[in-house]
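Contents: one structure, followed by commentary.
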Protein chains: 2
Amino acid sequence: MLVEDPGTDHIISWNDQGTAFVVWRPAEFARDLLPTLFKHSNFSSFVRQLNTYGFRKAASGRWEFHNDMFRRGETGLLCEIHRRKAWSSKLSTAPSKTQSPESDEDHGSSSTSSSSSYSNLCDENKKLKRENGVLCMELASTKKRCKELFDLVALYSNSESVEDQRPKLFGVRLELPQEKKRKDEFSDNIRSLLSQSCK
Amino acid sequence: MLVEDPGTDHIISWNDQGTAFVVWRPAEFARDLLPTLFKHSNFSSFVRQLNTYGFRKAASGRWEFHNDMFRRGETGLLCEIHRRKAWSSKLSTAPSKTQSPESDEDHGSSSTSSSSSYSNLCDENKKLKRENGVLCMELASTKKRCKELFDLVALYSNSESVEDQRPKLFGVRLELPQEKKRKDEFSDNIRSLLSQSCK
DNA sequence: GGGAATATTCCC
DNA sequence: GGGAATATTCCC
């Protein structure tokens, strides 16, 4: 609205190509125009919001900001400008790079690319799907492995108590005290593990 | 400051006991006084902040708010009034649907991606990130569990071979053929499990 | 540019 | 009353 308004073009306007807006007079802009739209008159707070919504400063030596969805005449694109989410960097800390290379992939991009460009989003999407696939596979194999260990422990724990075949002397099974203690400890461990589900 | 100021006592003042403040005229308070201290003039936003800082509304049929650290004359207590932290609910989300049916999450959604809409892509992106986080957590807990089982098996396998204390007759350990076979199977299983990394 | 604390809004 | 999204501030 401000960028379009010819009355404020000496303060803020489109660049020549209509691909970005330029704040020609930051001081006047902050003092006179910001308070009409926001609860403050700080240029830096305005810039902070621009960044949050995917606008980037052009390296043009002036206050020029661009966003792929902000172009002269293309008002239909405006609805694609969204606030970057805050959760993007919160839980994604441990992407389990157990054996996947993905070395060069900039992990911070998840938060950066959010709203700026369509192709960035596509790239991130692809990467997420790849990562997702890797995680699914890794999880599946870990679960399988976990189940194997579990079954093994369960089997042994079971067979030991059921089919103990060790020789007896006159009907009494030969077993020394310290072995008994060790075996009981083992059984306790197994019992506690068995009490949880591992499937 | 406002509560103390005699000039505004008809709008806001201490209660009789000096244990709370009372907003006698919420409308005037919001319109005339709030903007002098805050970036808004909404009484409800003011109340929201009061709650965040531990003030509670008294059940007195008027806008009376109290806080143990807010008392007439006790200005030294004011520094004990702190903003409530937000962390209390953040990390407790832990979906960890280890055995839940995960019904609503359509895992096949990846195929839907052919839709070219930008906001669809954003939504999918969000979902992927969420899914990713859940997978990471589930993988971590499964790995932990796997390691526990692994250590248990390793421990037993170890102690069994090292300190077999069963009685011998003339230097030969008593052991029946089928037990030997079962134990070898067990050892083979353990060996193969040990050959993979489970950390 | 963006993380993080705090403020304001919106909603249950 | 408070959870949660968004805005503003502060700071690296």
Side-chain angles (χ1 to χ4, degrees), chain A residues 20-21 23 26 29-31 33-68 70 78-79 81-93 106-117 120 124, chain B residues 20 23 26 29-31 33-68 70 78-79 81-95 119 122-123 126 129-130 133:
Chain A
F21 71 86
V23 178
F29 176 74
R31 177 167 47 82
L33 301 183
L34 278 185
T36 68
L37 298 169
F38 304 99
K39 285 175 173 290
H40 65 85
S41 52
N42 303 314
F43 193 69
S44 57
S45 290
F46 173 65
V47 174
R48 186 72 193 82
Q49 280 288 71
L50 286 178
N51 290 331
T52 301
Y53 280 88
F55 282 80
R56 292 295 114 89
K57 187 167 179 290
S60 55
R62 52 191 190 186
W63 293 101
E64 177 172 5
F65 297 92
H66 57 99
N67 179 316
D68 290 345
F70 189 76
L78 293 177
C79 62
I81 297 177
H82 305 292
R83 180 186 180 80
R84 189 187 344 113
K85 288 298 178 183
W87 44 258
S88 39
S89 62
K90 283 295 176 189
L91 292 176
S92 60
T93 327
D106 64 319
H107 274 285
S109 72
S110 299
S111 53
T112 314
S113 64
S114 293
S115 58
S116 55
S117 108
N120 276 0
E124 187 183 32
Chain B
V23 179
F29 176 74
R31 177 166 47 83
L33 302 183
L34 278 184
T36 69
L37 297 170
F38 304 99
K39 284 174 174 291
H40 65 83
S41 52
N42 304 312
F43 192 69
S44 57
S45 289
F46 174 66
V47 173
R48 186 71 193 82
Q49 280 287 71
L50 286 177
N51 290 330
T52 301
Y53 280 88
F55 283 81
R56 291 296 114 89
K57 188 168 179 290
S60 55
R62 55 192 187 184
W63 293 102
E64 179 172 3
F65 298 92
H66 58 98
N67 179 313
D68 290 346
F70 190 76
L78 294 177
C79 63
I81 297 178
H82 306 292
R83 179 188 182 79
R84 189 182 348 109
K85 288 298 179 184
W87 45 258
S88 35
S89 65
K90 276 303 175 186
L91 293 178
S92 59
T93 329
S119 64
C122 277
D123 289 347
K126 262 187 260 180
K129 283 177 183 169
R130 221 182 305 126

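The chains referred to below are lettered A, B, ... by the order of the sequence lines, with proteins before strands, and numbering in each begins at 1. Just so it is clear, the values below take in all heavy atoms, side chains as well, and ignore hydrogens, waters and symmetry mates. Keep in mind that what you see is a predicted model, and the values were worked out from it rather than measured.
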Atom-pair distance ([atom1] on [X]; [atom2] on [N]), nearest Å:
| X | N | atom1 | atom2 | answer |
| --- | --- | --- | --- | --- |
| A/L37 | D/dT8 | CG | P | 10 Å |
| B/R83 | C/dA4 | CZ | C1' | 12 Å |
| A/F65 | C/dG2 | CZ | P | 12 Å |

I'd like to check the side chain to side chain contact (heavy atoms under 4.5 Å, CB included) partners of B/Y53; sequence neighbours left out, ordered by chain and number.
B/Q49, B/F55, B/I81, B/R83

Of all residues at least two apart in sequence or in a different chain, which pass the side chain to side chain contact (heavy atoms under 4.5 Å, CB included) check with A/S60?
A/A58, A/R62, A/E64

Kindly point out which of C/dG2, D/dG3, D/dG1 is positioned nearest to the side chain of A/R56?
C/dG2

Candidates C/dG2, D/dT9, D/dA7 - which lies nearest the side chain of A/R84
C/dG2

Distance only, no hydrogens: is a donor on one side chain within 3.5 Å (strictly under) of an acceptor on the other, for A/T52 and A/R48?
yes

May I ask you to list the residues of residues 41-55 of chain B, by number, that have any heavy atom positioned under 4.0 Å from an atom of DNA chain C?
B/N42, B/S45, B/R48, B/Q49, B/Y53

Under 4.0 Å: is that the gap between some side-chain N or O of A/K39 and OP1 or OP2 of D/dT9?
no

Please check if the side chain of B/R56 supplies one atom and the backbone of B/F65 the other of a donor-acceptor pair under 3.5 Å.
no

How long is the span from the CG atom in B/L50 to the OG atom in B/S44, to the nearest 0.5 Å?
11.0 Å

Centroid separation under 6.0 Å, is that true for the rings of B/W63 and B/F43?
yes

